Q: 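Below is the structure I would like to discuss, written out as structure tokens.
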Amino acid sequence: MNHPQDRWTLADIIALFDGLFAKHYQTRLIRGGEEPLYLPANNQTPYHQVIFARGYYASALHEISHWCIAGEKRRQLEDYGYWYSPDGRNAEQQAAFENAEIAPQALEYLFTLACGRTFHVSVDNLGGATEVDRETFEKKVMAQAERYEEQGLPTRADAFRHVLTAYYQHELGCEAAIAQGLDRLLRVRLC
């Protein structure tokens, strides 16, 4: 029996995401460079791209979380039409950043648990002059994760977490895990 950490490969997470979403959402998970980015399909690339940073597994889960929340209109815009203020934010910018990150990081937390990994909340402001209250932010993220558990996850997030759980915890093969996720996804989409 393999330990889950032996299966935390980029090839696996890409295969699980693409297997679940490439056909029905024309969206693929792409290993990127320094910064994450979401690019909608265009004349050169016929599919949407969820690009995660530097080949980091946690970055892949985080960017997938953003994609799972974004509505259809937002998925037609680069980076979902949102602003991003880089590291070094002031207090007002940091508060806006944290507010926008609660839901995605709550999903990332649930995805991370499904993979059998340890989650670390990210305030992403190492060079900022403002004081960051990591503990309060983490409590907000965990409260949102609890709400998701009680009220249900967004459809795509639910299907993806199901695939992760099947693959990492129940040790199903990639194809079998994807098949279960697709069944779950299509059942909800048809309702």
Side-chain angles (χ1 to χ4, degrees), residues 10 13-54 56-86 89 93-115 119 121-124 137 140-164 178 181-182 184-191:
L10 296 178
I13 198 73
I14 290 169
L16 293 169
F17 182 89
D18 288 1
L20 186 58
F21 299 119
K23 180 179 178 184
H24 297 286
Y25 288 93
Q26 292 73 50
T27 305
R28 301 204 40 222
L29 182 63
I30 308 293
R31 179 182 179 162
E34 291 298 310
E35 296 296 329
L37 180 66
Y38 172 78
L39 293 173
N42 58 39
N43 292 337
Q44 291 78 36
T45 308
Y47 52 86
H48 310 293
Q49 300 175 71
V50 176
I51 303 169
F52 63 99
R54 302 182 195 141
Y56 292 147
Y57 196 95
S59 177
L61 293 179
H62 183 77
E63 296 311 312
I64 292 167
S65 299
H66 278 288
W67 181 79
C68 285
I69 292 171
E72 190 169 343
K73 288 182 181 180
R74 288 241 182 235
R75 293 193 315 269
Q76 302 307 313
L77 304 171
E78 183 173 319
D79 258 354
Y80 314 108
Y82 289 118
W83 58 271
Y84 177 74
S85 185
R89 292 180 287 275
Q93 292 168 325
Q94 183 63 22
F97 169 83
E98 290 178 14
N99 191 49
E101 281 291 310
I102 292 169
Q105 289 199 34
L107 286 181
E108 180 187 354
Y109 166 73
L110 296 172
F111 293 162
T112 302
L113 289 182
C115 295
F119 174 75
V121 70
S122 174
V123 293
D124 192 31
F137 178 63
K140 291 177 182 178
V141 169
M142 293 303 129
Q144 178 61 51
E146 285 180 31
R147 280 191 295 279
Y148 278 139
E149 290 284 31
E150 292 168 4
Q151 300 168 6
L153 278 68
T155 301
R156 287 171 284 134
D158 178 66
F160 189 64
R161 181 171 72 160
H162 188 83
V163 166
L164 295 174
I178 291 167
L182 283 170
R184 192 174 187 99
L185 182 67
L186 295 176
R187 197 170 345 122
V188 171
R189 285 183 66 186
L190 294 175
C191 294

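Values below: all heavy atoms of this structure, side chains included; hydrogens, waters and symmetry mates excluded. Nothing here was measured: the structure is a model prediction, and the numbers come from that model.
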Q: So, for R161 and A114, which heavy atoms are closest and what is the spacing to 0.1 Å?
A: CG-CB, 3.9 Å

Q: Is the shortest side-chain heavy-atom distance between F160 and L61 below 4.5 Å?
A: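 Answer yes - side chains close enough.
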
Q: What is the distance from atom CG of D79 to atom CD of E35, rounded to the nearest 0.5 Å?
A: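 Between D79 CG and E35 CD, I get 10.0 Å after rounding to 0.5 Å.
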
Q: Can you establish whether the number of heavy atoms outside Y109 located under 6.0 Å from its atom OH is more than 12?
A: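 Atom OH in Y109 is not crowded, with 12 or fewer foreign heavy atoms closer than 6.0 Å.
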
Q: Could you pull out the closest heavy-atom pair between L107 and I69, with the gap in Å?
A: CD1-CG1, 3.5 Å

Q: Return yes if some donor-acceptor pair links the side-chain N/O of T112 with the main-chain N/O of F119 below 3.5 Å, else return no.
A: no

Q: If you take all heavy atoms of S122 and F97, which pair is closest and at what distance?
A: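 Heavy atoms only, the tightest pair is O-CE2, 4.1 Å.
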
Q: Centroid-to-centroid, W67 to Y80, below 6.0 Å?
A: no

Q: Do H48 and Q26 pair up side chain to side chain, a donor and an acceptor below 3.5 Å, judged on atom types alone?
A: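 No, no side-chain donor-acceptor pair sits under 3.5 Å.
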
Q: Do I30 and F52 pass the side-chain contact (heavy atoms from CB on, under 4.5 Å) test, and can you show the C-alpha distance, the side-chain angles, and the key distance before you say yes or no?
A: CA-CA 6 Å; I30 308 293; F52 63 99; 5.8 Å; no

Q: Please evaluate residues R184 and T155 with respect to the criterion side-chain contact (heavy atoms from CB on, under 4.5 Å), reporting the C-alpha separation (whole Å), side-chain torsions for both, the decisive distance (0.1 Å), and the verdict.
A: CA-CA 9 Å; R184 192 174 187 99; T155 301; over 6 Å; no

Q: Measure the spacing between CZ of R31 and CG of L10 and express it to the nearest 0.5 Å.
A: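 Rounded to the nearest 0.5 Å, the CZ-CG separation comes out at 5.5 Å.
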
Q: Is the closest side-chain heavy-atom distance between Y47 and T27 below 4.5 Å?
A: no

Q: Would you call F21 and L185 a side-chain contact if the rule is heavy atoms closer than 4.5 Å?
A: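 Yes - at least one pair of side-chain heavy atoms lies under 4.5 Å apart.
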
Q: Before giving the answer on side-chain contact (heavy atoms from CB on, under 4.5 Å), spell out for V121 and F137 the whole-Å C-alpha distance, their side-chain angles and the decisive distance to 0.1 Å.
A: CA-CA 8 Å; V121 70; F137 178 63; 3.2 Å; yes

Q: Looking at CG of L110 and CG of L153, how far apart are the two atoms once the value is rounded to the nearest 0.5 Å?
A: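 One gets 5.5 Å once the value is rounded to the nearest 0.5 Å.
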
Q: Indicate the atoms forming the closest heavy-atom contact of S65 with P104, along with that distance.
A: CB-O, 3.2 Å

Q: Can you tell me how far apart CG (L182) and NE2 (H162) are? Round to the nearest 0.5 Å.
A: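 L182 CG to H162 NE2: 10.5 Å, rounded to 0.5 Å.
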
Q: Would you kindly check if the NZ (Lys) or CZ (Arg) of R156 is within the cone defined by 45 degrees around the ring axis of Y25 and under 6.0 Å from the six-membered ring centre?
A: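 Yes, cation above the ring, under 6.0 Å and within 45°.
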
Q: Looking just at side-chain N and O atoms, do R74 and Y38 make a donor-acceptor pair shorter than 3.5 Å?
A: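 Note: R74 and Y38 side chains miss the donor-acceptor criterion.
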
Q: Do you know which two heavy atoms are closest between L20 and H24, and how far apart they sit?
A: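 Scanning both residues, the minimum pair turns out to be O-CD2, 4.5 Å.
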
Q: With a 3.5 Å cut-off and no angle check, do the side chains of E101 and H66 form a donor-acceptor pair?
A: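 Yes, H66 and E101 have a side-chain donor paired with an acceptor closer than 3.5 Å.
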
Q: Just by modelled atom types, is the T45 backbone N or O under 3.5 Å from a matching donor or acceptor in the N42 side chain?
A: yes

Q: Calculate, to the nearest 0.5 Å, the distance between atoms CD and CD belonging to E146 and Q144 respectively.
A: 10.0 Å

Q: For the residue pair E108 and H62, establish whether any side-chain heavy-atom pair is separated by less than 4.5 Å.
A: yes

Q: For L29 and D18, which heavy atoms make the closest approach, and how far apart are they?
A: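 Looking at all heavy atoms of both residues, the shortest contact is N-OD1, 2.8 Å.
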
Q: Determine whether L37 and E78 make a side-chain contact, defined as any pair of heavy atoms from C-beta on separated by less than 4.5 Å.
A: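 When only atoms from C-beta onward are counted, E78 and L37 do touch, with a gap below 4.5 Å.
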
Q: Could you measure the distance from the CD1 atom of I13 to the OG atom of S59? Nearest 0.5 Å is fine.
A: 11.5 Å

Q: Could you walk me through whether L164 and F17 satisfy the side-chain contact (heavy atoms from CB on, under 4.5 Å) test, starting with their C-alpha distance in whole Å, then the side-chain angles of each, then the deciding distance to 0.1 Å, before giving a yes or no?
A: CA-CA 9 Å; L164 295 174; F17 182 89; over 6 Å; no

Q: Would you check if I64 and C68 make a side-chain contact, meaning some heavy-atom pair closer than 4.5 Å?
A: yes

